[in-house]
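Take a look at the structure set out below.
The figures that follow rest on heavy atoms only: side chains count, while hydrogens, waters and symmetry mates do not. Below, chain A is the first sequence line, B the second, and so on; all start at residue 1.
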Protein chains: 2
Amino acid sequence: MGKAYDVMAATCPSRTVLHRIGARWTVFVVLALGDGPRRFTQLKTRIEGITPKVLTETLRALEADGLVRRTSLPGNPPGVEYALTDLGRSLGGPMRAVSEWAESHVPEILAARARYADAEA
Amino acid sequence: MGKAYDVMAATCPSRTVLHRIGARWTVFVVLALGDGPRRFTQLKTRIEGITPKVLTETLRALEADGLVRRTSLPGNPPGVEYALTDLGRSLGGPMRAVSEWAESHVPEILAARARYADAEA
DNA sequence: CAGAATCCCCACGGATACTG
DNA sequence: CAGTATCCGTGGGGATTCTG
């Protein structure tokens, strides 16, 4: 028996999942929450370059998909805490693998790009 | 000593690498080439829903980054073969992990989306 | 602190048709 | 077979400002 879902199939729902995972900032948020719950501002500080709007949107999307849980902390000033759900935590492995691959192959890729640019110049 | 590259840093080159990896069709091409060299049309057939233009662009980008090697096969009709380089092959693991995660968590995510849609309706 | 509200834009990708 | 050539839209993402 074949697997239930196949990303190669045009209409497979797994494609919508892949699309969410592939969204520009998803990987950063999942990684940043990997060490435990974080507040909005902590995330914003940790993930350099992200704007509040985009961070909010990414968080909402991950919450909708059941990867992140949002908790309002009572008190003043108001606090909100974001944490990975079990499902979200299970994505941590693959996400770390991808980001570590990116970090550890920068030189080769920059070199390849330079070579390619030269070759067509 | 810290690591040389850090995706959390705004200007780190690893971000451009991550960006390329995250491009919509990269994962499909890398996976489709995982079992060995393939021709253009084979890829187009395997990856359902991809258009020739987008496939070409994706292939070119991966070639520029040194992940894919393009070989013209002499003869008529003309043939072209695409294959992963060693670098590209090393990305296969992470890519497979991500796609398998997507395929194996479809039900949970669809359920979460339904719950979320309900909750705000 | 944790966003909401606006405005904006272009590059990513899609559809279709054509060709060496 | 393996692409080009056009045209086009759209929504993801950015900058900025404001607020409970």
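At whole-Å resolution of the value, CG in A:Leu43 and C1' in C:dC1 are 13 Å apart. Rounded to an integer number of Å, the gap from NZ of B:Lys44 to C1' of C:dG14 is 13 Å. Rounded to an integer number of Å, the gap from CG of B:Leu55 to P of D:dG3 is 8 Å. What separates CZ of A:Arg38 from C1' of C:dC1 is a distance of 17 Å, to the nearest Å. Straight-line distance from the CH2 atom of A:Trp25 to the C1' atom of D:dG13: 9 Å, rounded to whole Å. Across the protein-nucleic acid pair, A:Ile47 atom CD1 and C:dG3 atom P stand 13 Å apart, rounded to whole Å. Remark: P of C:dG3 and CZ of A:Arg39 are 10 Å apart, rounded to the nearest angstrom. The distance between atom CD of B:Gln42 and atom C1' of D:dA2, rounded to the nearest whole Å, is 12 Å.
Between B:Pro78 and A:Val80, it is A:Val80 whose nearest contact on DNA chain C lies nearer the 5' terminus.
Residues A:Leu43 and A:Leu55 share a closest heavy-atom pair of CB-CD2, 4.0 Å. Nearest heavy-atom pair across A:Leu18 and B:Ala102 is CD1-CB, 3.7 Å. Taking both residues in full, the closest heavy atoms of A:Val106 and B:Pro13 are given as CG1-CB, 3.8 Å, listed atom of the first, atom of the second, then distance.
The residues A:Arg89 and A:Asp86 are annotated as salt-bridged, a charged nitrogen and a carboxylate oxygen being separated by less than 4.0 angstrom. Using a 4.0 Å cut-off between a side-chain N of Lys or Arg and a carboxylate O of Asp or Glu, B:Glu103 and A:Lys3 qualify as a salt bridge.
Counted by atom type alone, B:Thr58 and B:Arg24 present zero donor-acceptor pairs between their side chains at under 3.5 Å.
Between B:Phe28 and B:Trp25, the angle of the ring planes lies from 30° to 60°, which puts this pair in the tilted group.
For D:dC1, the OP1/OP2 oxygens have no side-chain nitrogen or oxygen of B:Tyr82 closer than 4.0 Å. Taking side-chain N and O atoms only, A:Arg70 has a distance below 4.0 Å to OP1 or OP2 of C:dG3. For D:dA15, neither phosphate oxygen OP1 nor OP2 lies less than 4.0 angstrom from any side-chain nitrogen or oxygen of A:Thr51.
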Taking only nitrogen or oxygen atoms into account, show me every contact under 3.5 Å that the protein makes with nucleotides 4-12 of chain C, one pair per line with its distance.
residue	atom	partner	partner atom	Å
C:dA4	OP1	A:Arg60	NH2	3.3

